[in-house]
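Shown next, in structure tokens, is the structure this report addresses.
Whatever order the structure lists them in is the order used to number ligands and atoms, beginning at 1.
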Amino acid sequence: MSRDPRPLVAGNWKMNGLKAGLEEIVAMRRAVEGRQAGDAEIIVCPPATLIISAAAVLQGGPIALGAQDCHPKAGGAYTGDISAAMLKDAGASYVIVGHSERRAGYGESDALVRSKAEAANEAGLAAIICVGETKAEREAGEAVSVVSGQIRGSLPPAATPANLVVAYEPVWAIGTGLTPTASDVADMHASIRALLGEIYGEAGVRVRILYGGSVKPSNARELLGLPNVDGALVGGASLKANDFMGIAGIYA
Ligand code: PEP
């Protein structure tokens, strides 16, 4: 039976991947066409330099493309930046905004993340908005209030389940091999779901909430089987088709 909302497994390649890496994307396409991910929606977010060539190898197939960031403006004198319209033109249909590596490394505020998400939606891209607490915030018992604040500040009020995905990614779990307990993940996702209901009313039930942070084939079944976990945002384990499909394969 197909699940509602449709699960989403997204791979974030970060600053990894040369042209040779397209072979992995070809292998992912074959696996998804062979139903290894069941009904789940699969997207890959390679670096911007690979989007056009990845779009060519994915054309007409079941995997969609995402980007890892966009500028809040549609165009202009912003050297080195890429607009949402350019990403759409290159073949993307999603863009990640507010990843903790950008919030921490570039001082991106909730307001900036929201303006990027709005720019994405305006250009016809769905925004995957990342939120998550640091280790210190969790230890201080502030995880839920920090994440709620990020959600209130970063989500465009006009977004819909079709163009908004929330990714809960505890900062301390990203790339560390550490994950929260299943009950901590379930509690956080329940609180995010309640907040989405406050913001979007009934539509809040259909906004997908992904878990991200050291998801791998060995822990995917437990994490993605939790209530209100509608898929995963995967970093390191998305670079190789076998690992990525080992995660998406829980929906087969
Ligand atoms: C990420 O970068 O979004 C992420 C979840 O990374 P990893 O899976 O490597 O922890």
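Checked by distance only, ligand 1 and T176 stay at 3.5 Å or farther apart across all their nitrogen or oxygen atoms. Annotation: G175 places an N or O atom under 3.5 Å from an N or O atom of ligand 1; distance criterion only.
Side-chain contact between W172 and E133 is present, with heavy atoms from C-beta onward closer than 4.5 Å. Considering only heavy atoms from C-beta on, L196 comes within 4.5 Å of L155 through its side chain.
Within ligand 1, the atoms closer than 4.0 Å to a non-hydrogen atom of G213 are 5 (C), 10 (O), numbered from 1 in the order shown. Close contacts between ligand 1 and S214 involve ligand atoms 7 (P), 8 (O), 10 (O) [criterion: under 4.0 Å to a heavy atom].
Among all protein heavy atoms, the one lying closest to atom 8 (O) of ligand 1 is G235 N, 2.8 Å. For atom 1 (C) of ligand 1, the nearest non-hydrogen atom of the protein is H99 NE2, 3.3 Å. Regarding atom 5 (C) of ligand 1, its nearest protein heavy-atom neighbour is E169 OE2, 3.0 Å. Atom 9 (O) of ligand 1 has as its closest protein heavy atom G236 N, 2.9 Å.
Note on ring orientation: taking the six-membered ring where Trp is involved, the planes of H189 and Y211 are tilted (angle from 30° to 60°).
More than 12 heavy atoms of other residues, nucleotides or ligands sit less than 6.0 Å from atom CD of E142.
At a heavy-atom cutoff of 4.0 Å, ligand 1 is contacted by the backbone of A173 but not by its side chain. Only the side chain of N12 comes within 4.0 Å of ligand 1, counting heavy atoms alone; its backbone N, CA, C and O stay farther away.
A distance-only check finds a donor-acceptor pair linking the side chain of N219 to the backbone of S214 [under 3.5 Å]. Between the E137 side chain and the T134 main chain, a donor and an acceptor come within less than 3.5 Å of each other.
Using a 3.5 Å distance cut-off with no hydrogens or angles, the side chains of E41 and Y94 do pair a donor with an acceptor.
Not a single heavy atom of A237 sits closer than 4.0 Å to an atom of ligand 1.
Ionic pairing of D81 and K73 is not present here: no N-O contact between side-chain nitrogen and carboxylate oxygen is shorter than 4.0 angstrom.
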